[in-house]
Amino acid sequence: MLVAGFVFLYAPIVILAAMSFNASRLVSVWGGFSTKWYAALFENELLMASAKISLAAAAISATIATFLGLLAAIALARFGAFRSRMLFFGAVHAPLVLPEVVLGLALLSCFVALGIGRGFATLVIGHVTLTMCFTTIALLAALRGCDPALEEAAMDLGATPRQAFVLVALPQIAPAMASAFLLAFTLSLDDLVIASFATGPGATTLPMRIYSQVRLGVSPQINAISTLLLGLVALALGSSALVMLAGKRRGL
């Protein structure tokens, strides 16, 4: 049953990757091995432009989400039971339980009410809103795992609380920060629902472009870029796992 479950989950992905090397224009008919669709893909200006937008938005939103997640984790882990702690905790973690359609509609309503034109900036804001909760959870767990005695020892030796955090605690959670960044990057790169509500003309992301073209028929170029996207996501997740493993080994 376990093997059958894995086959059911991953067989479509393997078939998609294999068909990206199909020489035939018909995605359902194998016409021999070829890489011509990858060459044609890099000549497709619309797909390449959307890929650049997705990568830029993912990198910027992941950086901002990691920074804000670090600040939120510090507030929750180090500031004790302040008066609005539960409200703050709920606000930070709300995107985890809200359906993406509801969150996207809420962001759209907010942008319209404030008179903000939708584009690349609103796309980044939407992705930060979506991914910040994930970075906060990862960094909060890392901060709670830090030994406070090390920072206290640094302060006994003359360091200020800020210096003790930067020089002692921050290096300890560096692997968690790298993992949180890669997770946020992957979520942003993969997002379709939030982007559909938050973005506007001139800022079409790669998942949106793929979805719009698939409705008219599956092109071999779609298989090729989907395979590249799968490889990029797998690389990001694998790097995140290796970083976390290296951090645990150093901790031991």
Side-chain angles (χ1 to χ4, degrees), residues 9-21 27 37-38 40-66 95-96 98-111 116-135 180-240:
L9 288 173
Y10 293 106
I13 298 176
V14 174
I15 293 172
L16 182 145
M19 295 305 291
S20 68
F21 296 99
V27 296
W37 301 117
Y38 286 90
L41 170 64
F42 289 105
E43 296 176 359
N44 191 321
E45 296 182 358
L46 290 177
L47 283 175
M48 289 296 100
S50 297
K52 291 178 181 178
I53 291 172
S54 289
L55 290 173
I60 295 173
S61 63
T63 301
I64 298 174
T66 303
L96 281 173
L98 283 176
E100 288 192 21
V101 173
V102 176
L103 181 59
L105 184 59
L107 288 169
L108 175 61
S109 301
C110 180
F111 295 145
I116 301 176
R118 288 181 296 157
F120 184 80
T122 54
L123 173 65
V124 171
I125 293 172
H127 284 176
V128 170
T129 305
L130 173 67
T131 58
M132 179 184 164
C133 57
F134 294 94
T135 59
F181 174 85
L182 291 172
L183 177 60
F185 182 89
T186 302
L187 290 171
S188 174
L189 190 65
D190 184 59
D191 175 68
L192 172 64
V193 178
I194 300 296
S196 300
F197 286 97
T199 192
T204 302
T205 63
L206 185 58
M208 293 175 63
R209 180 73 64 186
I210 292 175
Y211 179 72
S212 64
Q213 292 190 9
V214 165
R215 289 187 300 175
L216 303 177
V218 179
S219 166
Q221 293 183 30
I222 299 298
N223 287 342
I225 198 167
S226 298
T227 303
L228 292 177
L229 189 60
L230 285 170
L232 181 60
V233 171
L235 179 62
L237 293 177
S239 300
S240 174

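The model shown is predicted, which means the values in this text are computed figures rather than measured ones.
- Atoms CD1 and OG1, on I194 and T129 in that order, are 8.0 Å from each other to the nearest 0.5 Å.
- Taking the side chain as every heavy atom from C-beta outward, L187 and D191 never approach each other to under 4.5 Å.
- The CG atom of L47 lies 4.5 Å from the CD1 atom of I225; values are rounded to the nearest 0.5 Å.
- Residues L230 and L16 meet the side-chain proximity criterion, which asks for heavy atoms closer than 4.5 Å.
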Just do the side chain to side chain donor-acceptor pair (under 3.5 Å) check on S188 and S61 with the steps written out, would you?
CA-CA 7 Å; S188 174; S61 63; 3.3 Å; yes

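- S212 contributes a side-chain N or O that, together with a main-chain N or O of R209, makes up a donor-acceptor pair within less than 3.5 Å.
- Counting heavy atoms from C-beta outward, L108 and R118 have side chains that approach closer than 4.5 Å.
- With a 4.5 Å cut-off on side-chain heavy atoms, F21 and Y38 count as touching.
- Remark: the backbone N or O of L105 is paired with a side-chain donor or acceptor of S109 at under 3.5 angstrom.
- The CD1 atom of I64 sits 9.0 Å away from the OG1 atom of T131 when rounded to the nearest 0.5 Å.
- You'll find the side chain of S50 stays beyond 4.5 Å of the side chain of T205, heavy atoms only.
- Atom OG1 of T63 is separated from atom CZ of F181 by 4.0 Å, given to the nearest 0.5 angstrom.
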Walk me through it: do L41 and M48 pass the test side-chain contact (heavy atoms from CB on, under 4.5 Å)?
CA-CA 8 Å; L41 170 64; M48 289 296 100; 3.9 Å; yes

Does the side-chain contact (heavy atoms from CB on, under 4.5 Å) test come out yes or no for I60 and F120, once each step is laid out?
CA-CA 11 Å; I60 295 173; F120 184 80; 3.8 Å; yes

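- Atom CE of residue M208 and atom CG of residue L123 lie 8.5 Å apart, to the nearest 0.5 angstrom.
- You'll find the side chain of P207 reaches within 4.5 Å of the side chain of S54, heavy atoms only.
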CA sep, side-chain torsions, deciding dist, call: L192, Y211, side-chain contact (heavy atoms from CB on, under 4.5 Å)
CA-CA 9 Å; L192 172 64; Y211 179 72; 4.2 Å; yes

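- With values rounded to the nearest 0.5 angstrom, I125 atom CD1 is found 11.5 Å from T199 atom OG1.
- Between A65 and T135, the shortest heavy-atom distance links the atoms O-OG1, 2.9 Å.
- Note: F197 and F111 fail the aromatic proximity criterion, with ring centroids not under 6.0 Å apart.
- I222 approaches S226 most closely through the heavy-atom pair O-OG, 2.7 Å.
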Run the side-chain contact (heavy atoms from CB on, under 4.5 Å) check on T204 and I53 step by step: do they pass?
CA-CA 7 Å; T204 302; I53 291 172; 5.5 Å; no

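- The closest side-chain heavy-atom distance from M132 to P95 is not below 4.5 Å.
- Using a 4.5 Å heavy-atom threshold, the side chains of F185 and L55 count as touching.
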